[in-house]
2 protein chains.
Amino acid sequence: MSNKNIGIKDVAVAAGVSVTTVSHVLNDVSYARISPDTRDKVKSAAEQLGYGPNRLAQALRTQRTGMLGLVSEDIATTPHAGRIILGADEAARARGYNLMIINTSGSASAESREADVEALLERRVDGILYATMYHRDVQVPANLGNVPTVLVDAVSTGRSLTAVVPDEEGGARAAVASLLAAGHTRIGFLNNTDDVPATRDRLRGFRATLTEAGLDGETAPVESELSEVPGGYEAARRMLDRPDRPTGLFCYNDRMAMGAYRAAAELGLAIPDDLSVVGFDDQQLIAANLHPGLTTVALPHYEMGAWATDSLIDAIEGKTDLALMALHPTILDCPLVTRESVAAPAPPR
Amino acid sequence: MSNKNIGIKDVAVAAGVSVTTVSHVLNDVSYARISPDTRDKVKSAAEQLGYGPNRLAQALRTQRTGMLGLVSEDIATTPHAGRIILGADEAARARGYNLMIINTSGSASAESREADVEALLERRVDGILYATMYHRDVQVPANLGNVPTVLVDAVSTGRSLTAVVPDEEGGARAAVASLLAAGHTRIGFLNNTDDVPATRDRLRGFRATLTEAGLDGETAPVESELSEVPGGYEAARRMLDRPDRPTGLFCYNDRMAMGAYRAAAELGLAIPDDLSVVGFDDQQLIAANLHPGLTTVALPHYEMGAWATDSLIDAIEGKTDLALMALHPTILDCPLVTRESVAAPAPPR
DNA sequence: GTGAAAGCGCTAACAG
DNA sequence: CTGTTAGCGCTTTCAC
């Protein structure tokens, strides 16, 4: 119940001991020699009164708040932030920490970002997680790093900070490999036009996988558009109008794949019989609900949140040196999620 | 920069004054009589040193943390939580508060929920926001209410707590009205099978609006299924197979509407020419990306988060009495979002 | 106009 | 085995 008015002193009085003793038993202090009797008295007194420690006072004294700051971009726009938060929250709680969340707009000014970090610093968080909503290079606020910090889904331009990012290239390879495994040899890529790591890395994975399979990865067809549903539709229309129409389509993300579904429908192409499609992101709402279900590659947002949090706590507790890990970003797997949008290509007629 | 090592004392020394004076000027204490000279000295010293107050110490002394606890269900599953968090975060920051977030599973036990609240209480949050991911009655943890509390998207069974919920019936009315306005007279409802307020209230709004328009709301066709895409598909198939096929469809949510789109496509019915469709929820990923864009009703998650936070802070600051507001939940508007899925019914042939 | 000092609730030497 | 006591960094009463 944690009645806010009762403190360690009250417990001490109720148990007929000193506050030291109470503190010792409640915190299981190792070097404290306390009789089992006293222990019980203290514990039941605490229980009785509904005592809960005042973490502020504890923190002030121990210089440890047990709080982690999470500054996250555009919390509401994508489900990605939610998964990062969830991964971070669960990892944090498992080790007795809590999360303070600050939302920042993707377009926030440098000063406003610094103010966000400052707010966290004033509250004396033990460490900071700095998360972006899609994998990219960021210029982190200057005051970050006054405290242990790890970046989630981002790497920092300039300053080297521990970071965790998805294996974009590996994901692309898995996607293309699934098409190859189904027997496709004419495979196209619907890419994004933004100049972000995912665009480059997925393209590289696409070409390399084809080449390694003995196909001509360098000349394999690629159509680029804005990475939204209409862009996917446009790119797919162009792709499917090509003389040597691909039988397999790898899409930059699930939204573009959704556009490709419509393009295929308009052209009378059935998925997966006439056209196999693989997406990227595993956005539940889309991938699982499209008909047929979209085979896609999952981004490890939950895992990145959890990994970052665990590493951060390790650093806070002196079990790790973040400076060492900062040399190279940690790269997490993007697993293929198989649904029904991939099948063997139709036999040539 | 808030160098963690420098405190009010350092500023005092640097400015050649006492800590009292520093505190007075930095906090703009009204009754303090301090010469402009001293003020400047103190301010520039603080600036110089990069001083930032230790909020823990402040909180311990003032019994105010400036932190709000937000316990939220299933953060990662829907974008809804994100919008509530965003609304709450922005409202909180506007008034100088920050958010501590605890995620709880929709299926968590009573004890685990109590432990979540307890964690917030131990950190001495000034108030608690308790949010659920869809509008429903909840049995709140017993220790909630030891501190000002407001429920978001939920009302409490038994104990009366201030709450804010969406106007489900009003949203349904707006949806049906838009169909009526387009000229439809045969309108069907694809409802959810769960026994939650939304199911009941949207149905009521559906029937009432038809009746008030001179149609027979009581016998208007309703098909119920699980409120997911496949359910929507099934319900729509049944609905569209009826002898007197409706020309307008109101769907319990956007996912069911997505299923209805597929059913319509299979039956060769073009949207909106042969069939008009209205959804509910305004899930961006679906509603905006379906083709044609889905006219739907938006749930005011952002607004509920913001309203709840503002009310909570008002209560904390003594500007409001939550007990008074607890008598009836506050109901927020669900506005119609018009896209392209509604048109006049085809002329009878 | 400014400062000394008490105390918010807790932990951790240090004494006994 | 248990208790006394000095702070953690800040606000605030009261005195000068």
Side-chain angles (χ1 to χ4, degrees), chain A residues 2-43 45-46 49-67 96 121-126, chain B residues 2-43 45-46 49-67 96 121-126:
Chain A
S2 185
N3 201 305
K4 285 184 67 175
N5 323 316
I6 81 114
I8 199 178
K9 203 175 249 167
D10 304 288
V11 177
V13 170
V17 298
S18 76
V19 292
T20 310
T21 306
V22 175
S23 175
H24 281 351
V25 352
L26 261 25
N27 296 322
D28 277 322
V29 174
S30 57
Y31 57 81
R33 238 148 295 278
I34 311 222
S35 76
D37 259 30
T38 318
R39 285 201 125 77
D40 285 354
K41 266 194 307 191
V42 170
K43 280 184 179 158
L49 300 172
Y51 170 78
N54 181 332
R55 300 279 246 121
L56 293 174
Q58 268 183 189
L60 186 60
R61 182 62 236 238
T62 60
Q63 308 289 13
R64 274 292 171 75
T65 53
M67 301 218 314
L121 259 21
E122 288 183 355
R123 295 206 182 269
R124 298 302 188 266
V125 294
D126 293 335
Chain B
S2 184
N3 202 304
K4 285 184 66 175
N5 324 318
I6 81 112
I8 199 177
K9 203 175 247 167
D10 304 289
V11 178
V13 171
V17 297
S18 76
V19 293
T20 310
T21 305
V22 175
S23 175
H24 281 352
V25 350
L26 260 27
N27 296 320
D28 277 323
V29 174
S30 57
Y31 55 80
R33 236 150 300 277
I34 311 225
S35 75
D37 259 30
T38 318
R39 288 200 123 77
D40 285 355
K41 264 192 309 190
V42 170
K43 279 184 178 158
L49 299 173
Y51 169 77
N54 181 332
R55 302 278 249 122
L56 294 174
Q58 267 183 191
L60 186 60
R61 182 63 236 239
T62 60
Q63 308 288 12
R64 274 292 171 73
T65 52
M67 300 216 317
L121 259 20
E122 288 183 356
R123 294 203 184 271
R124 298 301 188 268
V125 294
D126 293 334

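Everything quoted here is computed from the prediction, not taken from an experiment. Each chain gets a letter, A, B and so on, in the order its sequence line appears, and its residues count up from 1.
Between B:Ile6 atom CD1 and D:dC8 atom C1' there is a gap of 16 Å when expressed in whole angstrom units. Look at CD1 on A:Ile8: it is 17 Å from P on D:dT5, rounded to the nearest Å. One atom, CD of A:Gln58, and another, P of D:dG9, lie 17 Å apart when rounded to the nearest Å. At whole-Å resolution of the value, CZ in B:Arg61 and P in C:dG9 are 10 Å apart. Nucleotide C:dT11 holds its C1' atom 15 Å from the CG atom of A:Leu56, rounded to whole Å. Across the protein-nucleic acid pair, B:Asp37 atom CG and C:dG1 atom C1' stand 12 Å apart, rounded to whole Å. Distance B:His24 NE2 to D:dA15 C1': 12 Å, rounded to the nearest Å. Remark: C1' of D:dG9 and CG of B:Leu60 are 9 Å apart, rounded to the nearest angstrom.
For C:dT11, the OP1/OP2 oxygens have a side-chain nitrogen or oxygen of A:Asn27 closer than 4.0 Å. Within the 4.0 Å cut-off from OP1 or OP2 of C:dT11, not a single side-chain nitrogen or oxygen of A:Gln63 is found. Phosphate contact (OP1/OP2 of D:dT11, side-chain N/O of B:Tyr31, threshold under 4.0 Å): absent. For the pair A:Thr38 and D:dC1, the criterion of a side-chain N or O lying under 4.0 Å from OP1 or OP2 is not met.
Considering only heavy atoms from C-beta on, B:Leu49 comes within 4.5 Å of B:Val11 through its side chain. B:Tyr51 is listed as a side-chain neighbour of B:Leu26, based on a closest heavy-atom distance under 4.5 Å.
Take B:Asn27 and apply the side-chain hydrogen bond (donor to acceptor under 3.5 Å, both in side chains) test, not counting sequence neighbours, and it matches B:Ser23. Annotation: side-chain contact (heavy atoms from CB on, under 4.5 Å) contacts of B:Leu56 (sequence neighbours excluded): A:Leu56, A:Ala59, A:Thr65, A:Arg124, B:Asn54. Remark: A:Thr62 pairs with no residue by the side-chain hydrogen bond (donor to acceptor under 3.5 Å, both in side chains) rule, at least two apart or across chains.
Candidate nucleotides D:dG9, C:dT2, C:dG9 were compared by shortest atom distance to the side chain of B:Ala57, and D:dG9 ranks first.
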* To do: Please report the C-alpha distance between B:Thr38 and B:Val25 in whole Å, then the side-chain angles of each, then the deciding distance to 0.1 Å, and finally whether the side chain to side chain contact (heavy atoms under 4.5 Å, CB included) criterion is met.
  => CA-CA 9 Å; B:Thr38 318; B:Val25 350; 5.7 Å; no

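Closest approach of A:Gly96 and B:Arg123 over heavy atoms only: O-NH2, 4.4 Å. Between B:His24 and B:Ile34, the shortest heavy-atom distance links the atoms CB-CD1, 3.8 Å.
Inter-axis angle, ends of the helix from C:dG1-D:dC16 to C:dG16-D:dC1, five pairs per end, rounded to 10 degrees: 50°.
Of all the residues in residues 9-23 of chain B, B:Val17, B:Ser18, B:Thr20, B:Thr21 reach under 4.0 Å from DNA chain C with at least one non-hydrogen atom.
Place A:Thr62 and B:Arg39 on DNA chain C by their nearest nucleotides, and B:Arg39 ends up nearer the 5' end.
Pairs passing the salt bridge (Lys or Arg N to Asp or Glu O under 4.0 Å) check and including a residue from residues 52-67 of chain A, sequence neighbours excluded, read A:Arg55-B:Glu122.
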